[in-house]
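Beneath this line is the structure, given in structure tokens, with notes to follow.
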Amino acid sequence: METVKTASFEYLIDLAKEKPEGGYTFVLDGNSYEIDDVLEISAIATKHGYIVIY
């Protein structure tokens, strides 16, 4: 049986930490990403197998 992972978009945005020099550090499932815009979070979560709830 496959596990279904879901997360709300608001929760995922809360995981992104703004950097003083601009952009964000986003950590999901132990993987760290340097992103320019929080809109990139949905694509990252989808690659990790999450269903993002808006």
Side-chain angles (χ1 to χ4, degrees):
M1 181 175 220
E2 187 176 333
T3 301
V4 176
K5 299 186 284 186
T6 62
S8 73
F9 187 65
E10 291 82 10
Y11 171 77
L12 293 172
I13 287 177
D14 285 343
L15 296 178
K17 303 301 176 203
E18 194 166 2
K19 300 186 304 185
E21 64 274 10
Y24 300 85
T25 300
F26 176 66
V27 178
L28 183 64
D29 294 342
N31 296 304
S32 181
Y33 299 91
E34 301 298 319
I35 59 175
D36 294 321
D37 192 315
V38 292
L39 296 177
E40 297 175 55
I41 290 172
S42 291
I44 295 169
T46 300
K47 287 180 184 177
H48 279 262
Y50 283 85
I51 297 171
V52 180
I53 301 166
Y54 294 94

- Should L15 and Y33 be regarded as members of a common hydrophobic cluster, given that ILVMFWY residues are connected when their side-chain heavy atoms come within less than 4.5 Å of each other, either directly or indirectly? yes

- Query: Atom OH in Y24, atom NZ in K19: separation rounded to 0.5 Å?
  - Reply: 11.0 Å

Listed pairs under 3.5 Å, donor-acceptor, residues 38-46 side chains, sequence neighbours left out:
{"residue": "E40", "atom": "OE2", "partner": "D36", "partner atom": "N", "Å": "2.9"}
{"residue": "E40", "atom": "OE2", "partner": "D37", "partner atom": "N", "Å": "3.1"}
{"residue": "S42", "atom": "OG", "partner": "Y54", "partner atom": "OH", "Å": "2.6"}
{"residue": "T46", "atom": "OG1", "partner": "S42", "partner atom": "O", "Å": "2.9"}

- Side chains of E34 and T25 in contact at under 4.5 Å (non-hydrogen atoms): yes

- Query: Is L12 close to Y50 at the side-chain level, that is, under 4.5 Å between some pair of heavy atoms?
  - Reply: no

- Message: With a 6.0 Å cut-off (strictly less than), is the heavy-atom count around OH of Y11, excluding the residue itself, greater than 12?
- Response: no

- Task: State, to 0.1 Å, how close L28 and H48 come at their nearest heavy-atom pair, and which atoms those are.
- Result: O-CE1, 3.6 Å

